[in-house]
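Naming: A, B, ... by sequence-line order, numbering from 1 per chain. Since this is a predicted model, take the numbers as computed values, not measurements.
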4 protein chains.
Amino acid sequence: MKASDDMAAEGRRTARVVQERSISTRAELLDGAARVFSRLTYAEARLKDVADESGISAGSMYFHFGNKVDLAQAILQVQQERMTAALTEVLEQELTGLDALLAIADRLSQLIASDITVQAGIKLGLQPGTGLDADANGPYFEWIRITESLIRQGGEDGSIKPELDAAAAAEYVNVVFVGAQLLSEIEDTWASFPERFQRVRPHIVGFLSSQPRD
Amino acid sequence: MKASDDMAAEGRRTARVVQERSISTRAELLDGAARVFSRLTYAEARLKDVADESGISAGSMYFHFGNKVDLAQAILQVQQERMTAALTEVLEQELTGLDALLAIADRLSQLIASDITVQAGIKLGLQPGTGLDADANGPYFEWIRITESLIRQGGEDGSIKPELDAAAAAEYVNVVFVGAQLLSEIEDTWASFPERFQRVRPHIVGFLSSQPRD
Amino acid sequence: MKASDDMAAEGRRTARVVQERSISTRAELLDGAARVFSRLTYAEARLKDVADESGISAGSMYFHFGNKVDLAQAILQVQQERMTAALTEVLEQELTGLDALLAIADRLSQLIASDITVQAGIKLGLQPGTGLDADANGPYFEWIRITESLIRQGGEDGSIKPELDAAAAAEYVNVVFVGAQLLSEIEDTWASFPERFQRVRPHIVGFLSSQPRD
Amino acid sequence: MKASDDMAAEGRRTARVVQERSISTRAELLDGAARVFSRLTYAEARLKDVADESGISAGSMYFHFGNKVDLAQAILQVQQERMTAALTEVLEQELTGLDALLAIADRLSQLIASDITVQAGIKLGLQPGTGLDADANGPYFEWIRITESLIRQGGEDGSIKPELDAAAAAEYVNVVFVGAQLLSEIEDTWASFPERFQRVRPHIVGFLSSQPRD
DNA sequence: CATGAATGAGTTTTCATTCAT
DNA sequence: CATGAATGAAAACTCATTCAT
């Protein structure tokens, strides 16, 4: 049995190496795709561009992702993972409702400005009808829900004016956040988003905060 | 010579009929294209979709609009005309800076919610790199400029707090307007835009108005 | 209204011409496809071969038949129409059960030997799992049913031994017919089918006929 | 020198183990291929299907069989071996011409119904133009020759009517055998072939046998 | 020997655009 | 002017085969 043990051992070693190559290829592919989808519409994007951009053969793309839709969906998934991660990271710290809300918005504005995969995901999410997951912008609505619950929490922990209508306040916060995001996208593909958000942030604070600030 | 007179007369009549048909065809084409471009990306949209949607043959499109890009550009132009018309209409009334600003925003929110060509234009304007006029979203920046000048005017006519930084205030107003627009687009393709804007409008008024309101 | 009447009239004339061209193109395409599918497996057949064989551009194929499967299905349909036509033609003559049965077999053996579209249909029908209509060989079973009913009829009209088990007799007839067909296909792509069937035909007659023959 | 003896011994053991694995892999591969080719056309069959079906990696196939054509040819060879074996087994018994003919037919009908590799071989043999051995259905013609010679032998040994034209009689026998086979293939992939053949067998016996039977 | 990722040469399919009628 | 069939260039996708481990 020694021989087959050896073979098994070698098999495992080989497998790991192969798997690593596979993983890195997949990552490069996702990266290239993110770059392409962040500057082009889904239908405009050519898979050849993705292949060239990532230095991977077109055939290989079909080994890792069955087709164009799946590739786009993979990007959407990464986007959601990263945004969720940012969210949870903040929520794990024990902050007041207001601080958590602001921390999340700050965090997300930076993430969106710096992470091209997240940018690609946002663009893809806004153009359904492609075969992409119908609820691609489920995250949007989740984000709205979270905003509302944090405002309610802030009302209880004293950081936010308790008399506010949570739903209406949440809508306002989201309008401001999303508006800043869209203007930044138009102007310089999100590069200015964090600063722009900082400029309008005081309006949110002033509206929500129970502490008079100047 | 009577016969040829008849023929000439008939020719004129024919010409008129043909011309009328041409005009209506062109209109139907634009309408169909607007419906298509308002729900699909430029690259996703098939000219066959436009043909089917408008009940006009594909070949005919090439008589009226040289090609796909020109068709899209025609829509962008209509959009700009209609938005500009709304703008001028308000500006022609002699209103205070604040009232003009709010009237324009109200007007535009209604126009966007109700006019599918305008909707199509907005979507097209947000996806450059297509061969569409590079400065397709020139209107955005023009709108920002107008906002700023109205705020400055409001500072002078007393309707708006004079101590405000006009540029910063304009940015805030636009962030709110654009944010409400985007959320409405996502939720129900702009149908809820006017109401949503009315809900956030008080924040704008509260921030700008020199008159304390409750 | 004279002008538009003229236009309508011209429209009709144009439409007819266009339609004729369309029909002939479609026919040539079907013909070329039949030639290709009669010598190659569905999966082996290249659409380029069909295009070349019929002198029609590849793109045009997709105008007339949406895709490869539909093209194959169109051939199957033509095959079924032609075989059904042969069948009905015989059945319309008032023949005895035996004569009808034999006439149909004769007719079909000639049709199969001479009509390349029918040949293509037979081959296609025998290779499902392609996306072709699952019941592509429904005709086979229909044919078996008809055989059985003619034998029963022959039992009643006195042309066929009444004591025969119709189902079993039908199976035998079909086995012989189909066997002759398959051997002819292998040997010379059906060219020898009619003669071969004539050689084995007496076995069928001897078995079924109520009249002693030598 | 003991160490190197050990190594040599282990080397031999390893070699044997490897060799055994090789043999079983080859067998599984052939089996999987048979299953795939028995339900799909050569061109439809994906080597990946074979790999999945046999649980062997695609790359490994290329070690054992140079390429797709060779794999198919290996199956054809197994089919021919098994059919020939059945044939010779019967021929080795000293039977009359008629009994030998019937025994062979019975044997083959059972073999075809039960052996998926034989089924695969039959299907492959009927789709040339693939790159498979041109005379893939040589066996068919060989079988016809054997039939004829057994009929002639039967004429001499008294088991078959001596006045029969051997060639014509052989054709009839083959038509019936092949017809039953094809109908069974269509109906239930050969499962019913033995029974069906038994149902039509009396026609063959009645035609050939020199002994009046009822 | 086995594995499975990678490749590239084909194939199918799509669609803007042209053009004869 | 309108129509819709035809075209071709480009895109998506497939898969036998190779090859590093």
Of the listed nucleotides ([options]), which one gets closest to any side-chain atom of [X]?
| X | options | result |
| --- | --- | --- |
| A/Tyr62 | F/dT18, F/dT7, F/dA12 | F/dA12 |
| C/Phe63 | E/dC1, E/dT13, F/dA6 | F/dA6 |
| D/Leu47 | E/dA2, F/dA16, E/dT17 | F/dA16 |
| B/Lys68 | E/dT17, F/dA2, E/dT13 | E/dT17 |
| C/Ser60 | F/dT7, E/dG4, F/dA2 | F/dT7 |
| D/Ser57 | E/dT12, E/dG4, F/dA12 | E/dG4 |
| A/Arg46 | E/dT7, E/dC15, F/dA11 | F/dA11 |

Protein-nucleotide distance ([X], atom [atom1]; [N], atom [atom2]), rounded to Å:
| X | N | atom1 | atom2 | result |
| --- | --- | --- | --- | --- |
| C/Asn67 | E/dT13 | CG | P | 5 Å |
| B/His64 | E/dT17 | NE2 | C1' | 16 Å |
| B/Glu44 | F/dA11 | CD | P | 16 Å |
| D/Asp49 | F/dT17 | CG | C1' | 16 Å |
| D/Phe65 | F/dT17 | CZ | P | 14 Å |
| D/Leu40 | F/dC15 | CG | C1' | 15 Å |
| B/Lys48 | E/dT13 | NZ | P | 18 Å |
| D/Met61 | F/dT17 | CE | P | 9 Å |

Heavy atoms only, 4.0 Å cut-off, all strands: where does B/Ala43 land among base, sugar-phosphate and nothing?
nothing

Quick one: look up who E/dT3 pairs with, Watson-Crick or G-U, both distances under 3.5 Å, and put none if it's unpaired.
F/dA20

Ignoring hydrogens and geometry, is there a side-chain-to-backbone donor-acceptor pair from [X] to [Y] under 3.5 Å?
| X | Y | result |
| --- | --- | --- |
| B/Glu44 | B/Thr41 | yes |
| B/Asp31 | B/Glu28 | no |
| C/Ser60 | C/Ser57 | no |

Can D/Glu53 and D/Arg39 be counted as an ion pair, charged N to O under 4.0 angstrom?
yes

For B/Ala45 and A/Arg26, take the nucleotide of DNA chain E holding the closest heavy atom to each; which residue's nucleotide lies nearer the 5' end?
A/Arg26

Closer to the 5' end of DNA chain E via nearest nucleotide, is it A/Gly59 or B/Ala58?
A/Gly59

Compare side-chain N and O positions of D/Thr25 against OP1 and OP2 of E/dA2 and report whether any pair is under 4.0 Å apart.
yes

I want to check a possible cation-pi pair here: D/Lys68 against D/Tyr42, using under 6.0 Å from ring centre and within 45° of the ring axis as the test.
yes

